[in-house]
Protein chains: 2
Amino acid sequence: MSNMRHSCMSDLPGFRVTPFLSALSADMIARLSDAGFRRKFRDGQLVHSRGDTLRGISIIETGGAQVGIYGPDGTFILTSYLGHGHTFGEFTVFTELPRTHDVSAVGETTLLQISASRFLAICDEEPAYQRALLVTSLVRAHRLLEMLDALQRLPLLERTAKFLLLLSPENTTSPLLRFRQSDLASSLGVSRASLNRALGELSTLKLIEPGYSQLQIIDRETLQSWLLSRSSKPR
Amino acid sequence: MSNMRHSCMSDLPGFRVTPFLSALSADMIARLSDAGFRRKFRDGQLVHSRGDTLRGISIIETGGAQVGIYGPDGTFILTSYLGHGHTFGEFTVFTELPRTHDVSAVGETTLLQISASRFLAICDEEPAYQRALLVTSLVRAHRLLEMLDALQRLPLLERTAKFLLLLSPENTTSPLLRFRQSDLASSLGVSRASLNRALGELSTLKLIEPGYSQLQIIDRETLQSWLLSRSSKPR
DNA sequence: ACAAGAATGTCGCATATTTGACATTCTTGT
DNA sequence: ACAAGAATGTCAAATATGCGACATTCTTGT
């Protein structure tokens, strides 16, 4: 299946959720750096699969990662893009649960990987690591709740807009999102045809500008307020 | 709107996610107890609303709480039920974000509420509180991811089954869930009619037993394995 | 510059879901 | 025991979405 690799979105490093590393001092980062080992990945290369039980945390040093689940038919449901300073796999360290998601590299990517036992030891020694992780995961849960609400309550057009906002970095006015419509479609749980219609409407409203394997949000603020102005109309 | 209160589910104290308090020693609980103040709520009484900015954590001592979002038309999307030892509002302590959910009491309920500043001080003094909260929130995020995946990927019948499993306590074989079909319907993002059909089918398969304002899962294990046997068939 | 592949845009038809209505069953308060 | 309200069960018509097919546009490698 062709979309098994690089539904890329290369130039979007930070994504909404505050990166773990940004809450740590240079010293603390250096300490992590010593505790783990580095691995390099090519664009699209699989890092972890859903169901894996090897325990440990991964921190993105360069490049990015896409998190989602591949269906048996090859469709990919995207949950989030992670950029520099973000982590994944942390919950394999603190719980007994297997991995829930497939993670693959977006662009040339370097990961710092730390084993569960090693990372636990570090957290016990220095609680600030835990604090940083706690904040990160609370904010992530917040984001997931918003996605959930959008899927349940909003009609297709609004749902699409909301996901675009959730998948784009907060600090830009006019982000360029790099993915195929088919990927966004399965992330929203709709067919490509329906998504295409929705994007068409949003485009007519001059809120976005669809392109080939990419999509530009004309203005985040405008899209946000458009969405707000419609949020009173439920599905 | 009548369903603004008590879509109850009274006798289900612990819900899947490991309660925060269960990870703490008696001493540590006592310390929290001193730091906060108690408030009592009647069945169905509103505790917090989406958008509230008052910051602090709430811990359930007795009774339970239902977490979700009321739509403008009074429909209620349920995210989870919380029982004894669970917390909510913790992310108002560690982030700047407003509350995302409406929380109301299920049955006579006593909450221990601790202000953000107070709780932060406690966490700084004793990192074990943070650790407990970290684990809780990682497991919660895990659960949310499962819900997201179900909404996006599974056909109605399977989606319904999955939500029933996610909303019932893990440690029972044959839980009795207390809610109206209309509430479950909006939690799943479908109409009451569709949900009713789905429940009918599950009932025919002898997997559940629908009742008046309640629903019994005949056997959690059986339902689980039925779901697994169908999970290869995507929407 | 060109061909081949990949992704988008757009059909019509099949299917699933919503909507609004109504009858039925269950529960609760008096 | 009864009436009133609340929730479920079910229907037909309207709508929305999925599916499969195909033409078109864009990109990439040679």
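Only this structure's heavy atoms are used, side chains among them; waters, hydrogens and symmetry mates stay out. Every chain is numbered from 1, with letters handed out A, B, ... down the list of sequences.
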Treating A/Asp183 as the side-chain partner and A/Arg180 as the backbone partner, does any N or O pair qualify as donor plus acceptor under 3.5 Å? no
Return the value, rounded to whole Å, for the distance between atom CD of B/Gln181 and atom C1' of D/dT10. 12 Å
Would you kindly give the CG-to-C1' distance between B/Leu215 and D/dA7, to the nearest whole Å? 13 Å
Let's see if you can work this out: which of D/dC26, C/dC11, C/dT27 has an atom nearest to the side-chain heavy atoms of A/Tyr212? D/dC26
Could you check A/Arg197 against B/Gln214 and say which one's nearest nucleotide on DNA chain D is further toward the 5' end? B/Gln214
Would you please say whether a donor-acceptor pair under 3.5 Å links the side chains of B/Ser174 and B/Gln216? yes
Minimum-distance nucleotide (side-chain atoms of A/Ser194 versus C/dT19, C/dG9, D/dG18): D/dG18
When the distance from CG of A/Leu156 to P of D/dT15 is rounded to whole Å, what number comes out? 18 Å
Expressed as a whole number of angstroms, how long is the span from A/Leu195:CG to C/dT10:C1'? 14 Å
Nearest-Å distance for atom pair CZ/P, residues B/Arg192 and C/dG20: 13 Å
Rounded to the Å, how far apart are A/Asn196 CG and D/dT25 P? 14 Å
Pull out every stem in DNA chain C, meaning runs of 3 or more consecutive Watson-Crick or G-U wobble pairs with both distances under 3.5 Å. C:1-30 with D:1-30
In terms of relative ring orientation, are B/Tyr70 and B/Phe76 parallel, tilted or perpendicular, with 30° and 60° separating the classes? tilted
Write down the distance between CZ (A/Arg180) and P (C/dA7), rounded to a whole number of angstrom. 5 Å
